[in-house]
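To start, the structure under review is shown below, and the notes come after it.
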Amino acid sequence: MKVLKFGGTSVGSAENMKRVSQIVEDEEPRFVVLSAVSGTTNDLVAICTCLYANDKEGARKIIEKFNFRYDELIEGLYDSEEYKIKGREHYSAFVDLLNGIVDSDFSEKEEKVVLAQGEVLSTKLFTTKLEEEGKDVMLLDSLEFMRLTSESEPDLEFSKLELDAILTRHSGVDLFIAQGYICRNSKGEIDNLQRGGSDYSASLLAEAIDASELQIWTDIDGMHYNDPRIVEHTKSIPKLSYEEAGELAYFGAKILHPYCLLPTRRKNIPVRVKNTMDPSAIGTYISEDTSEFGIKAVAAKDGIIVIKIKSTRMLLAYGFLKRIFEVFEKYETSVDVITTSEVAVSLTIDNGKSLNKIVDELEIYGEVHVEKDQCIISVVGNFIADEKGTASVIFDSLREIPLRMISFGGSKHNVTLLVNAKHKKEALNALNDSLFSNK
Ligand code: ADP
Ligand code: ASP
Ligand code: MG
């Protein structure tokens, strides 16, 4: 069975939903995972922000704004009045639930319920469209098989068991639809896999059912060798290894959720990134194949904080780094890039939630400096056969830009640099000119 995931733009209009309905027509059994209609989750987040501020009027106004968008979608999506009525019923249930939450007490629990509604609605609307077309389709509830452990990690064993039972029970069905992004937490409450998490849902599902392939259908023709939001005329990369694509996703290529490739890589399931608006474009094929050498792509991730701990006394003493990392572990904050010298260690984090507490504890070990608004630039490729050339080309192209940290050698797949966020655009363009101008 293949798993196909369609993102927000892919289900963002009647026209695009109809494209998706054609793409999922296939001989092979398919498991289709959908995001919310584009913009919906952002609006649901805005509703929650209003409700936390007790601004019920503000929340109601945002809910009202859904009307126009979904009216147009429902009118354009279904051919017959009978199915338009069904579509409107799905939409009314969505609005009624949101209005009910506006009128009651609001806490984190209700917030998670609100955030889940985008995917609940998009999957109902799409399934009803397929039913109108006479397709044999089954809508599943991801809350029944996607669950987080008490450590907030996906509970894969649970998903495997539940999905196995569901697929056995419905062995005659060839086309399943389910919501991306949403799950339950270990207390049984509704939760989610963080923004952009539908990619991760699809990949976890692919692992759980041992899929033959995962397809991520989006609004661009595959993974590009540079960030198309920042650099002009970028092109897609036909093939990448799991390591390369995983680094790009983790270090800022928004096209894939940072953890999306972990599950498929564990099971060696190939991933295709495809364009819903142009299905014939070849896209990007991601697999364990690492036979292509050289620099493949760059990505940038901003919102990075650098913490430098300076200690003339202790740095190289046995156990010093361990104690430092224990502070980050205690506050559940992961460290991305690290560089050391004889007297100092610099490291980066992207989550500043516990920054003050972390700094307070680190001050026991030395002088601590914090710099915000930094950006990680990651140059990704397969450098195994290229021991000499890689670094010099990269540094030469960035000679005008102050580099705050440099990390190379952690793997053969990336060179990681840290620059102030104000230099991000310049750095990505400079790297583009020197690395990809012949592409
Ligand atoms: P979806 O809603 O389908 O999940 P996203 O908006 O999350 O889509 O991801 C697709 C977007 O990712 C593209 O439109 C593009 O602007 C952005 N993007 C960032 N970096 C890259 C990259 N290296 N290659 C392709 N797209 C990228
Ligand atoms: N709808 C969610 C979001 O916008 C999840 C996703 O689209 O992947 O973040
Ligand atoms: Mg996405």
Side-chain angles (χ1 to χ4, degrees), residues 223-228 230-231 233-235 237-253 258 261 284 286 288-302 304-308 315-316 321 334-350 371 373-439:
M223 285 191 99
H224 282 209
Y225 54 70
N226 208 326
D227 193 325
I230 297 166
V231 175
H233 311 303
T234 58
K235 293 201 185 81
I237 318 162
K239 272 170 145 191
L240 284 169
S241 67
Y242 289 125
E243 285 92 339
E244 292 160 350
E247 290 282 352
L248 290 171
Y250 190 74
F251 287 118
L261 295 169
T284 300
I286 303 164
E288 61 167 359
D289 181 3
T290 52
S291 59
E292 283 185 13
F293 296 112
I295 294 175
K296 306 278 179 64
V298 299
K301 176 173 170 180
D302 36 28
I304 301 294
I305 303 166
V306 188
I307 304 174
K308 179 169 159 189
L315 188 75
L316 292 181
L321 285 176
S334 61
V335 171
D336 285 327
V337 185
I338 164 161
T339 56
T340 59
S341 78
E342 200 187 343
V343 290
V345 49
S346 285
L347 33 83
T348 72
I349 58 172
D350 65 1
E371 282 171 73
D373 295 327
Q374 304 293 305
C375 171
I376 292 176
I377 308 269
S378 193
V379 182
V380 166
N382 184 351
F383 308 141
I384 292 165
D386 188 22
E387 301 287 356
K388 281 180 283 176
T390 311
S392 71
V393 180
I394 294 169
F395 296 133
D396 196 39
S397 61
L398 296 176
R399 61 190 171 278
E400 304 294 335
I401 297 170
L403 302 178
R404 173 68 185 73
M405 283 167 77
I406 298 167
S407 164
F408 179 42
S411 84
K412 290 281 188 188
H413 296 285
N414 71 317
V415 177
T416 309
L417 311 155
L418 196 85
V419 301
N420 190 297
K422 67 182 180 212
H423 297 304
K424 167 173 146 179
K425 188 170 179 190
E426 195 187 342
L428 287 182
N429 277 289
L431 286 166
N432 210 60
D433 292 345
S434 63
L435 302 176
F436 309 121
S437 56
N438 57 348
K439 293 212 176 181

Closest approach of Thr290 to Ser241 (non-hydrogen atoms, all atoms of both residues): CG2-CB, 3.7 Å
Partner of Ile376 by side-chain contact (heavy atoms from CB on, under 4.5 Å), out of Asp350, Thr416, Asp302, Val419: Thr416
From Leu347 atom CG to Thr339 atom OG1, the distance as rounded to the nearest 0.5 Å: 8.0 Å
Lys422/Asp373 ion pair, N-O < 4.0 Å: no
Stepwise side chain to side chain contact (heavy atoms under 4.5 Å, CB included) test for Lys301 and Ile377: CA-CA 7 Å; Lys301 176 173 170 180; Ile377 308 269; over 6 Å; no
Thr348 vs Val335 side-chain heavy atoms within contact, under 4.5 Å: no
Separation of His224 NE2 from His233 NE2 (nearest 0.5 Å): 12.5 Å
Qualifying residues under salt bridge (Lys or Arg N to Asp or Glu O under 4.0 Å), relative to Asp289, sequence neighbours excluded: Lys239
Nearest heavy atoms of Gly381 and Lys296, plus distance in Å: CA-CG, 3.6 Å
Glu426 side chain vs His423 backbone, donor-acceptor pair below 3.5 Å: no
Contact check, side chains of Ile295 and Asn382, non-hydrogen atoms, under 4.5 Å: no
Where Tyr242 and Leu261 come nearest, the two heavy atoms and their spacing: O-CD1, 4.2 Å
For Thr284 against Ile237, the heavy-atom pair lying closest together: OG1-O, 2.8 Å
Non-hydrogen side-chain atoms of Lys308 and Val345 separated by less than 4.5 Å: no
Which atom of Lys424 lies closest to which atom of Ile230, heavy atoms considered: CE-CD1, 3.0 Å
Ser397 side chain to Ile394 backbone, donor-acceptor under 3.5 Å: yes
Side-chain heavy-atom pair Asn420, Gln374 within 4.5 angstrom cut-off: yes
Glu288, CD atom: more than 12 neighbouring heavy atoms under 6.0 Å: no
Within residues 393-411 or reaching into it, pairs that qualify as salt bridge (charged side-chain N to carboxylate O under 4.0 Å, His left out) - sequence neighbours excluded: Glu371-Arg404, Asp396-Arg399
Donor-acceptor contact present, side-chain Ser378 to main-chain Phe251, <3.5 Å: no
For Ile286 against Met223, the heavy-atom pair lying closest together: CD1-SD, 4.2 Å
Ring pair (Phe, Tyr, Trp, His ring centres under 6.0 Å) against Tyr225, all qualifying residues, sequence neighbours excluded: Phe436
Spacing of Cys375 atom SG and Ile304 atom CD1 [to the nearest 0.5 Å]: 7.5 Å
CG-OG1 distance between Asp227 and Thr234, expressed to the nearest 0.5 angstrom: 8.0 Å
